[in-house]
Structures are given as C-alpha cells and as structure tokens.
J.: 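Structure provided below as structure tokens; questions to follow.
Small disclaimer: the values here were computed from a predicted structure and weren't measured. Ligands are counted one by one from 1 in listed order, and the atoms in each one are counted from 1 as well.
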Amino acid sequence: MRILVLGGDGYLGWPTAMYFSQLGHEILVVDNLAKRQWEAEIDSIPLQALPTLRHRVRLWEEVTGKEIGVAVGDIAENHRFVYDTFGDFEPEAVIHYAEQPSAPYSMAGRDHAVYTQRNNVIGNLNVLHAMQKHVPDAHLVKLGTMGEYGTPNIDIEEGWLDVELNGRKDRLPFPKLPGSFYHLSKVHDSHNIHFACRVWGTRCTDLNQGVVYGITTDETELHPDLHTSFHYDAVFGTVLNRYCVQAVVGEPLTVYGAGGQRRGFLNIRDTLQCVRLAVENPADKGEFRVFNQFTEVFSVLELAEMVVAAAKHLGMDAQIAHIDNPRVEAEEHYYNPRNDALLALGLTPRLLSEELVEDILSRVARHADSIDRATLLPTVRWRHADVPAPTR
Ligand code: NAD
Ligand code: USQ
C-alpha cells in the first residue's frame with residue numbers, strides 16, 4: 001500500500017514509518033519538524049540526540065535497502081502543501097500523528113492553548129479536505145487519545161454510547177470530559193472527522209490511544225542512529241518514561257498528588273501493532289470507527305511502585321515522592337474503559353511487568369550521563385490554588 005505517515009519525525013511517527021516500510025509498503029513521511037522547535041523553546045532535549053530526518057531516511061536505505069520518502073511542510077498552515085502531497089502521492093492509508101501532543105504545553109498560557117488547537121484542529125481539517133478532493137476512498141487512521149473521555153463515573157465504551165431517554169433509543173458519541181486544551185483539540189478533531197464521514201463518506205479509524213511508554217522497536221534496533229525521540233522532561237515526557245529516567249539518575253519518582261489517577265497504557269511496540277491492525281482492516285466507506293488503544297490500566301502510583309521494584313533488580317535505590325499536583329484532575333476515581341475491538345482484530349499485548357527491566361530501564365540507563373535533571377520537575381500549572389479540585 002501507499003501509506004502517508006503524518007508526523008513521521010516524531011516519537012511514534014518515525015518507528016511507524018520504519019515498521020511499515022519493513023513490511024514492504026511504500027511510505028511517504030510528512031513533518032514540519034516543529035517538535036524540534038518546541039524542544040528548543042522549552043529547553044528540552046531527548047534522551048539521545050536526534051539525527052536529522054533526512055539522515056535517518058538515508059541510513060534506513062543503507063541498512064535495509066528500502067526507501068522512505070520525505071516531504072517537509074506544515075499541514076496546518078500550508079493547505080496547498082497538503083493538497084499537493086495528497087494529489088501527488090495518492091495514499092491508500094493516512095496515519096495521522098502530526099499534532100502538538102503535550103497537555104502541559106497546551107496549558108502554558110493563552111498562546112500555547114491557541115497554538116495547540118490551531119495546529120491540531122486546522123491540520124486535521126486540511127487532511128480531511130485533501131482526502132475528500134484527491135483520495136476519497138483512502139482510510140484515515142487518526143491518533144486520538146483516551147484522555148478525550150476523561151474519567152467519568154461509568155464504564156467507557158469504544159466511542160459510542162447506547163442511550164435510552166423518555167422511551168426512545170439512540171447510539172450517540174460517548175460524552176467527553178477532557179482534561180487539557182490539548183486533549184480538547186482531539187475531541188474537536190473527532191467531531192470534525194465524524195462529520196466528514198457522515199457528509200462525504202470518509203472512512204476513518206479514530207484510535208483513542210492511552211499513554212505510550214518504551215524506547216525501542218525492532219526497527220530502532222537495526223542501527224544506533226535509527227532510535228526515536230524519547231522525552232523525559234515535565235512537558236513532553238510521559239509518566240512512565242519519566243519515572244524510568246528519574247530512577248536511573250537517582251531522583252525521586254514524581255507522583256502527582258495522591259497517585260490514584262488511573263490511565264490506559266501501552267508499549268510503543270504495541271502502538272505499531274495496533275496501527276497495523278487498523279490499516280489492514282480498514283473502516284467502511286462513511287464509517288467513523290473508534291478503537292480504544294491501550295493494553296493495561298494502572299494508577300500512576302502503582303506504576304511508580306513497579307518502577308521502584310524493577311530498579312532494585314538493577315541495583316538502583318529508587319524512591320517515590322508525592323509532589324503537589326500541577327494539574328486539575330481527580331486523584332481517586334472509577335476507571336473501566338473497554339479495549340475489545342483491537343483485541344478482536346488480533347492484538348497480542350506486551351505486558352509492562354515483562355518489559356520494564358530489560359526493554360526500558362536498562363536501555364535508559366545506558367544514557368544516564370546525558371540526562372538533564374533540571375527538566376524533571378513540572379513548571380506548568382493548570383489553575384490557581386483557590387479553585388476547588390474536581391471529583392472526576
Ligand atoms: P511527537 O511530538 O513526537 O510527534 C508529532 C510529530 O508531528 C512531530 O515530529 C511534529 O514535528 C509533527 N507535527 C506537529 N504539527 C505538525 C504540523 N502542523 N505539520 C506537520 N508536522 C507536524 O508526538 P508523539 O508522542 O509521537 O505523538 C504522535 C501522535 O500520537 C500525536 O497526535 C499525539 O497526540 C498522539 N498520542 C501520543 C501518545 C503518547 O503517549 N506519545 C498517546 C496518545 C496519543
Ligand atoms: N503524572 C504523574 N507524574 C509525572 C507525570 C505525569 O503523576 O511525572 C500523571 C499525570 O498527572 C496524569 C498521568 O500521569 O494523571 C498521565 O500523564 P502523562 O503526562 O503521562 O500523559 P498525558 O498528559 O495524559 O498525555 C500523554 C501524551 C498525549 C496522549 C495521552 C494519552 O503526552 O499525547 O494523548 O498521554 S491519555 O493520557 O490516555 O489521554
């Protein structure tokens with residue numbers, strides 16, 4: 001298949017491009033390299049310095065003999081670029097990662113909230129319009145987030161809810177209670193995509209993905225310079241990746257508040273598996289299909305305790321610190337999301353308990369000398385102290 005990977009310079013996009021290339025597909029990667037500017041803006045460095053995108057693509061060809069195409073451009077600000085790219089490449093599948101992914105970045109003030117929503121929502125709208133014009137039968141595989149749902153006090157279905165009201169029944173989009181302007185941008189995307197499916201017959205799988213952890217995939221292992229951008233700072237690092245780095249450098253693991261925040265998690269290798277299953281089993285014409293993409297649920301305190309135990313195996317004495325929660329979120333709540341659809345398609349989950357020591361902690365430890373401790377503590381706060389905390 002011809003597969004467009006939007007956001008292919010990123011943490012998930014680059015491993016995805018290599019994975020599908022290795023499977024024999026024709027890949028074009030699109031990225032505006034904005035992540036590298038955001039890093040510079042907040043003084044964040046990935047665990048390993050990142051070669052340029054073109055360098056990585058050349059290296060990939062040297063190592064595997066396979067080509068990955070590159071188009072550098074902004075999908076939000078340059079709709080001509082988007083139209084031309086879709087018109088020239090004529091993708092059969094579009095894997096869309098090209099968004100600002102950080103909740104704290106989006107909460108850093110008015111400019112960051114506006115930037116995040118403009119970048120994410122307009123970029124996605126441009127993709128929908130370019131698909132309608134040039135490849136109306138292509139399949140959009142869009143990365144959404146479990147955080148779109150928030151933490152309601154009922155089970156979380158996969159995108160839809162059967163409702164009965166005053167004797168009438170309908171199947172409606174599941175209610176959304178997102179926790180940041182970033183997560184809200186994903187909700188807006190979902191509504192826009194659902195509308196395009198209904199009106200234009202676009203086919204889409206919206207992958208409501210949980211928090212990703214991990215540093216390696218089979219393809220990143222093929223050469224040291226094929227690694228992906230692993231972040232651990234308080235803006236771009238996700239919680240388990242941060243805990244692993246904190247354990248390695250002997251800093252306390254930063255559990256925000258009580259630590260009862262429960263979330264869905266998955267290994268970066270399972271992200272690839274899930275996206276492949278979506279691409280290989282496309283949505284029908286006009287179908288807006290939602291999959292909840294995670295493999296295991298943990299509280300952030302449980303995760304910290306797992307990292308402490310795993311670190312012990314490597315002779316590290318990791319400690320946990322409950323720090324003042326910079327976010328507004330429930331710290332104890334009901335959480336029971338379903339993830340049946342991807343399992344039914346054949347997803348075989350990797351368990352964190354089996355991966356933590358060898359696949360993550362010991363690999364992070366190899367780069368201990370380059371870790372910048374100054375970026376570990378949170379700097380972005382969601383609210384002023386006089387606003388009462390929510391219960392869900
Ligand atoms: P990332 O920041 O590493 O990758 C995103 C890439 O998109 C970057 O290379 C960036 O330069 C590019 N990009 C952003 N805006 C662009 C634009 N307007 N035009 C062209 N390129 C643009 O983030 P990631 O962690 O790889 O996440 C990828 C996607 O998956 C995001 O949409 C994110 O919201 C979603 N997601 C990530 C996680 C996670 O835990 N990492 C979990 C759930 C969902
Ligand atoms: N947390 C801590 N300590 C830390 C960092 C985070 O306790 O040092 C807590 C947060 O308060 C939150 C949870 O861990 O309750 C998850 O935080 P996170 O930063 O790992 O993840 P989040 O902000 O939700 O965002 C990440 C990705 C985003 C993706 C989302 C999936 O950055 O792109 O959409 O995970 S989900 O959480 O399912 O919405």
J.: Counting neighbours of CZ on Phe181 that are heavy atoms of other residues, nucleotides or ligands and sit closer than 6.0 Å, is the number greater than 12?
T.: no
J.: Considering the heavy atoms of Arg242, write down every atom of ligand 2 situated less than 4.0 Å from one of them.
T.: 4 (C), 5 (C), 8 (O)
J.: Compare Leu376, Asn241, Val239 and give the one whose heavy atom is closest to atom 18 (P) of ligand 2.
T.: Val239
J.: Check the side chains of His183 and Ser180 for a donor-acceptor pair under 3.5 angstrom, ignoring hydrogens and angles.
T.: yes
J.: Using distance alone, decide if ligand 2 has a nitrogen or oxygen within less than 3.5 Å of any nitrogen or oxygen in Gln246.
T.: no
J.: Within the 4.0 Å heavy-atom shell around Gln209, which atoms of ligand 2 are there?
T.: 31 (C), 38 (O)
J.: Is any side-chain heavy atom of Ser21 closer than 4.5 Å to one of Glu67?
T.: no
J.: Shortest non-hydrogen contact from Thr216 to Asp359?
T.: OG1-OD1, 3.2 Å
J.: Quick one: look at His183 and ligand 2, take heavy-atom pairs under 4.0 Å, and tell me if it's side chain, backbone, both or neither.
T.: side chain
J.: Ignoring hydrogens, just give me the one of Gly179, Ser299, Ala258, Pro101 whose non-hydrogen atom is nearest atom 33 (O) of ligand 2.
T.: Pro101
J.: Measure the distances from the heavy atoms of Tyr243 to every atom of ligand 2 and state whether one is below 4.0 angstrom.
T.: yes
J.: List by chain and number: which residues place a heavy atom under 4.0 Å from ligand 1?
T.: Gly7, Asp9, Gly10, Tyr11, Leu12, Asp31, Asn32, Leu33, Ala34, Lys35, Trp38, Gly73, Asp74, Ile75, Ala76, Tyr97, Ala98, Glu99, Pro101, Asn119, Leu143, Gly144, Tyr182, Lys186, Gln209, Gly210, Val211, Val212, Thr238
J.: Quick test: of every protein heavy atom, which one is nearest to atom 13 (C) of ligand 2, and how far off is it to 0.1 Å?
T.: Val300 CG1, 3.8 Å
J.: Are Arg289 and Glu158 within salt-bridge range, i.e. N to O under 4.0 Å?
T.: no
J.: Using distance alone, decide if ligand 2 has a nitrogen or oxygen within less than 3.5 Å of any nitrogen or oxygen in Thr145.
T.: yes
J.: Passes side chain to side chain contact (heavy atoms under 4.5 Å, CB included), Val163 versus Phe174? Steps please.
T.: CA-CA 10 Å; Val163 183; Phe174 198 93; over 6 Å; no
J.: Would you mind checking if Lys186 and Asp206 are paired as a salt bridge, meaning a charged N to carboxylate O distance below 4.0 Å?
T.: no
J.: Is Glu287 salt-bridged to Arg203, cutoff N-O under 4.0 Å?
T.: no
J.: When you compare ligand 2 with Gly264, is there at least one nitrogen or oxygen pair between them that comes in under 3.5 angstrom?
T.: no
J.: Measure from NZ or CZ of Arg198 to the centre of the six-membered ring of Phe195, then state whether that distance is under 6.0 Å and the direction lies within 45° of the axis.
T.: no
J.: Do Tyr83 and Asn126 have a side chain donor and acceptor closer than 3.5 Å?
T.: no
J.: Around atom 17 (O) of ligand 2, find the nearest protein heavy atom and jot down its residue, atom name and distance.
T.: Arg327 NH1, 3.5 Å
J.: Which heavy atom of Leu361 sits nearest to which heavy atom of Ala311, and what is that distance?
T.: CD1-N, 3.6 Å
J.: Distance alone, cut at 3.5 Å: any donor-acceptor contact between the side chains of Ser106 and Gln100?
T.: no
J.: Taking a cutoff of less than 4.0 Å between a non-hydrogen atom of the residue and any ligand atom, is Gly210 in contact with ligand 2?
T.: yes
J.: Say whether Glu99 and Ser185, considering side chains only, have a donor N or O and an acceptor N or O under 3.5 Å apart.
T.: no
J.: What atoms of ligand 2 come closer than 4.0 angstrom to any heavy atom of Gly147?
T.: 36 (S), 38 (O), 39 (O)
J.: Checking contacts here: is it the side chain or the backbone of Glu329 that comes within 4.0 Å of ligand 2, counting heavy atoms only? Could be both or neither.
T.: side chain
J.: Look at atom 4 (C) of ligand 2 and find which of Asn325, Thr254, Val212, Ile323 reaches it with the closest heavy atom.
T.: Thr254
J.: What residue and atom, counting heavy atoms only, is the protein's closest point to atom 38 (O) of ligand 2, and at what distance?
T.: Met146 CB, 3.2 Å
J.: Quick one: which ligand 2 atoms are inside 4.0 Å of a heavy atom on Ala103?
T.: 23 (O)
J.: Any idea which protein heavy atom is nearest atom 26 (C) of ligand 2, and the distance to it?
T.: Thr238 CG2, 3.7 Å
J.: Could you report the tightest heavy-atom contact between Val29 and Asp9, atom names first, then the distance?
T.: CG1-N, 4.4 Å
J.: Does a donor on one side chain and an acceptor on the other come within less than 3.5 Å for His322 and Glu331?
T.: no
J.: Identify the protein heavy atom lying closest to atom 1 (N) of ligand 2, giving its residue, its atom name and the separation to 0.1 Å.
T.: Tyr256 CD1, 3.5 Å
J.: If the cut-off is 4.0 Å to any non-hydrogen atom of Arg263, which atoms of ligand 2 fall inside it?
T.: 15 (O)
J.: Between Trp38 and Phe236, what is the ring plane arrangement, given parallel below 30°, perpendicular above 60°, and tilted in between?
T.: parallel
J.: Is any N or O atom of Ser102, backbone or side chain, closer than 3.5 Å to an N or O atom of ligand 2?
T.: no
J.: Closer than 4.0 angstrom: is that true for some heavy atom of Tyr182 and an atom of ligand 2?
T.: yes
J.: Should one rank Val255, Val211, Asn208 by closest heavy-atom distance to atom 37 (O) of ligand 2, which comes out on top?
T.: Val211
J.: Test side chain to side chain donor-acceptor pair (under 3.5 Å) on Glu329 and Gln261; report intermediate values, then the result.
T.: CA-CA 8 Å; Glu329 59 185 2; Gln261 302 93 308; 2.9 Å; yes
